[in-house]
There are 2 protein chains.
Amino acid sequence: MRRDIFQAIADPTRRAIIALIALQAMTPNAIAENFNTSRQAISKHLRILTECELVKQEQQGREIYYSLEIEKMKEIDKWLEQYRKIWKNQFNQLDEVLTKLKTQKK
Amino acid sequence: MRRDIFQAIADPTRRAIIALIALQAMTPNAIAENFNTSRQAISKHLRILTECELVKQEQQGREIYYSLEIEKMKEIDKWLEQYRKIWKNQFNQLDEVLTKLKTQKK
DNA sequence: AATATACGCAACTATTTGGTTTCGCAATTT
DNA sequence: AAATTGCGAAACCAAATAGTTGCGTATATT
């Protein structure tokens with residue numbers, strides 16, 4: 001039972017759930033209406049998302065509202081950072097080449 | 001056989017491979033030395049990474065050098081962008097509250 | 001030419017995963 | 001109080017996954 005954020009976002013249904021509840025909290029039934037799977041299947045996805053803290057719940061009577069824990073998304077951003085450095089660096093190197101070519105032209 | 005980038009980075013070994021070859025191209029054997037699994041297992045991971053174009057190969061004699069296709073990493077960045085907007089927005093809202101408190105103090 | 005090395009590929013296996021069905025419990029509604 | 005609704009949890013199943021073992025092939029070394 002791996003339960004890390006990368007494994008959580010690997011499933012396309014889970015990414016769609018994340019997108020759905022990013023702007024407003026929703027109940028499992030309301031979420032399930034947007035897919036053609038059962039409420040239980042969505043519930044399982046929500047459990048995985050909750051376990052890795054990508055999603056938080058708030059009980060309201062007999063309904064449970066799920067919403068995105070946006071802070072957790074920053075972890076992916078943090079992981080990407082090392083690679084962003086690489087592609088920015090490559091861009092700068094390309095930029096250098098271009099300016100060098102420019103000055104040679106003059 | 002799903003073969004998208006999110007599924008590719010879901011596996012921790014594959015993320016480690018990506019980190020390894022990000023800065024320099026490496027052969028499967030050289031990569032495998034950094035893990036305690038077989039060369040074949042690494043080869044399978046490399047195949048998955050290659051199939052979703054996260055990694056490119058370059059044959060050199062009987063050796064094949066694998067390196068990161070950094071451009072593909074931007075796809076994750078692109079996906080994150082929508083959520084980055086949300087957390088930046090939340091930060092701005094917090095900022096507004098703070099400046100409001102400040103002016104009220106004065 | 002014979003051997004060794006670097007590798008991909010296919011077959012097989014154990015485990016994990018996404019899904020369904022069935023159940024039970026708590027909060028509403030009637 | 002009885003029926004309904006919203007939900008999580010457990011049991012079960014088919015498909016996918018990560019790994020192993022055993023090839024075959026091309027390049028390099030002797």
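Between the CG atom of Asn36(B) and the P atom of dG19(D) there is a distance of 10 Å, given to the nearest Å. Summarising the geometry, the separation between CD1 on Ile42(A) and P on dT17(C) is reported as 18 Å, rounded to the nearest angstrom. The interatomic distance linking Phe6(B) (CZ) with dT17(C) (C1') rounds to 19 Å, in whole Å. Regarding Ile64(B), its CD1 atom lies at a distance of 13 Å from the P atom of dA26(D), rounded to whole Å. In this structure, Glu58(A) atom CD and dG8(D) atom C1' are separated by 18 Å, rounded to whole Å. The interatomic distance linking Gln57(A) (CD) with dG8(D) (P) rounds to 7 Å, in whole Å.
Close to dG19(D), at under 4.0 Å from its OP1 or OP2, lies a side-chain N or O of His45(B). For the OP1/OP2 pair of dC7(D) and a distance below 4.0 Å, the side-chain nitrogens and oxygens of Thr27(A) include at least one atom meeting the criterion. Using a 4.0 Å cut-off, no side-chain N or O of Arg39(B) falls inside it from OP1 or OP2 of dT5(C). Within the 4.0 Å cut-off from OP1 or OP2 of dG8(D), at least one side-chain nitrogen or oxygen of Ser43(A) is found.
Within a heavy-atom distance below 4.0 Å of DNA chain C, the residues of residues 28-35 of chain B found are Pro28(B), Asn29(B).
The nucleotide whose nearest atom lies closest to any side-chain atom of Arg62(B) is, among dG19(D), dA6(C), dA18(D), dA6(C). Of the candidates dA18(D), dT20(D), dT20(C), the closest approach to any side-chain atom of Thr37(A) belongs to dT20(C). Picking from dC7(D), dA11(D), dG8(C) the nucleotide with the shortest atom distance to the side chain of Lys44(A) gives dA11(D). You'll find that the side chain of Glu63(B) is closest to dA6(C), out of dC9(C), dA6(C), dT21(C). When distances run from any side-chain atom of Asp11(A) to the nucleotides dA18(D), dC7(D), dG18(C), the shortest one goes to dG18(C).
Map Leu46(B) and Ala41(A) each onto its nearest nucleotide of DNA chain C; the residue landing nearer the 5' end is Leu46(B).
Taking the side chain as every heavy atom from C-beta outward, His45(B) and Gln40(B) never approach each other to under 4.5 Å. In this structure the side chain of Ile48(B) never reaches within 4.5 angstrom of the side chain of Leu54(B), judged on heavy atoms. Here the side chains of Ile42(A) and Thr37(A) are in contact, with some heavy-atom distance below 4.5 Å.
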Verify side chain to side chain contact (heavy atoms under 4.5 Å, CB included) between Trp87(B) and Met73(A), making sure each step is shown before the conclusion.
CA-CA 9 Å; Trp87(B) 77 61; Met73(A) 297 290 279; 3.8 Å; yes
Give the C-alpha distance, both sets of side-chain angles, the deciding distance and a yes or no for side chain to side chain contact (heavy atoms under 4.5 Å, CB included) between Lys85(A) and Lys88(A).
CA-CA 5 Å; Lys85(A) 268 181 201 156; Lys88(A) 275 185 179 158; 5.9 Å; no
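Expressed to the nearest 0.5 Å, how far CD1 of Ile31(A) lies from CG of Asn34(A) amounts to 8.5 Å.
By the ring pair (Phe, Tyr, Trp, His ring centres under 6.0 Å) test, Trp79(A) is found to be paired with Phe6(A), Tyr83(A), residues two or more places apart in sequence or in another chain being considered.
Gln40(A) comes within 4.0 angstrom of a base, heavy atoms only.
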